[in-house]
There are 2 protein chains.
Amino acid sequence: MQNTIAVRRKQRKLSQADLAALTAVTRQTINAIENDKYDPSLSLAFKLATVLETTVDKLFNQGEDHQ
Amino acid sequence: MQNTIAVRRKQRKLSQADLAALTAVTRQTINAIENDKYDPSLSLAFKLATVLETTVDKLFNQGEDHQ
DNA sequence: AAATTAAGTAAAACATGTTTGACATTACTT
DNA sequence: AAGTAATGTCAAACATGTTTTACTTAATTT
């Protein structure tokens with residue numbers, strides 16, 4: 001599964017650490033997700049969409065990708 | 001996290017087993033999700049939205065709920 | 001150029017999601 | 001009323017997501 005988190009995060013001039021704090025996870029989690037190491041949980045996906053002012057459906061590209 | 005999977009599934013006259021087959025998970029998984037035992041993975045959430053011809057954002061109610 | 005901030009990475013532990021197999025209960029069908 | 005389909009549930013095993021701690025490299029600032 002692909003996502004546009006890094007792009008949208010940079011548009012808002014947030015660091016991975018900032019975004020991590022805003023979504024209540026660790027920096028490593030944000031890093032792993034941005035780099036397609038694994039997909040976030042559904043609840044984290046919603047938090048990310050909220051903070052990045054978009055929707056889950058727009059934030060993720062439903063392609064089989066992963067690994 | 002709440003969802004409207006059961007309602008939408010019934011509208012299409014599908015059993016939990018049917019929906020499980022269509023999304024390639026077990027019947028128990030669908031049952032657990034419909035009854036808010038746990039949230040699906042993001043990828044399963046997308047499969048469910050696709051099969052039920054809706055979006056992830058419409059299918060789930062971003063309330064803290066869960067247990 | 002040195003200092004600081006940001007990003008990448010890794011292993012172990014822990015938490016949550018999914019399967020398997022099995023059995024119980026409820027709702028339909030005949 | 002008996003038979004069948006659908007749903008609920010449980011425990012153990014397994015897979016994936018997240019944290020913690022720690023170290024490295026890249027980028028930015030002073």
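First the proteins, then the strands, lettered A, B, ... as listed; each starts at 1. These numbers were taken from a predicted model, which means no experiment stands behind them.
Residues B:L42 and A:P40 share a closest heavy-atom pair of CB-O, 3.6 Å. Smallest separation of non-hydrogen atoms from B:T29 and B:Y38: CA-OH, 3.8 Å.
Between B:N31 and D:dG8 there is a side-chain polar atom (N or O) within less than 4.0 angstrom of OP1 or OP2. For the OP1/OP2 pair of D:dT19 and a distance below 4.0 Å, the side-chain nitrogens and oxygens of A:T29 include at least one atom meeting the criterion. The phosphate of D:dT9 has OP1 or OP2 within less than 4.0 Å of a side-chain N or O from B:K37. Between D:dT7 and B:N35, no contact under 4.0 Å exists linking OP1 or OP2 to a side-chain N or O. Look at B:S41 and you'll find a side-chain N or O under 4.0 angstrom from OP1 or OP2 of C:dT18.
Looking only at side-chain heavy atoms (C-beta outward), A:I30 and A:T23 come within less than 4.5 Å of each other.
If you check every strand for non-hydrogen atoms under 4.0 Å, B:A24 touches sugar and phosphate atoms only.
When the C1' atom of D:dG17 is taken as reference, atom CG of A:N3 falls 15 Å away, rounded to whole Å. Residue A:Y38 contributes atom OH, which lies 15 Å from atom P of C:dA15 at whole-angstrom precision. Distance A:I33 CD1 to D:dG17 P: 9 Å, rounded to the nearest Å. The CD1-C1' distance, from B:I5 to D:dG8, rounds to 16 Å in whole Å. Nucleotide C:dT19 holds its C1' atom 13 Å from the CG atom of B:L44, rounded to whole Å. In this structure, CG of B:D39 is placed 13 Å from C1' of C:dA15, rounded to the nearest angstrom. Rounded to an integer number of Å, the gap from B:K13 NZ to D:dA5 P is 19 Å. Between A:K10 atom NZ and D:dA27 atom C1' the separation is 12 Å, expressed in whole Å.
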- request: Decide salt bridge (charged side-chain N to carboxylate O under 4.0 Å, His left out) for A:R12 and A:E53; before the verdict, give the C-alpha distance in whole Å, the side-chain angles of both, and the deciding distance to 0.1 Å.
  value: CA-CA 10 Å; A:R12 291 159 202 281; A:E53 294 173 291; 2.3 Å; yes

task: Applying side chain to side chain contact (heavy atoms under 4.5 Å, CB included), run through A:L52 and A:L59 and close with a yes or a no.
output: CA-CA 9 Å; A:L52 297 173; A:L59 196 49; 4.3 Å; yes

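A donor-acceptor contact under 3.5 Å is not formed by the side chain of B:Q28 with the base of C:dG17. At a cut-off of 3.5 angstrom, the base of C:dT5 holds no donor-acceptor pair with the side chain of A:Q16. Judged by distance alone with a 3.5 Å cut-off, a donor-acceptor contact links the side chain of A:R27 to the base of C:dA7.
Taking the side chain of A:T26 as heavy atoms from C-beta on, and the options C:dT19, C:dT18, D:dT20, the nearest nucleotide is D:dT20.
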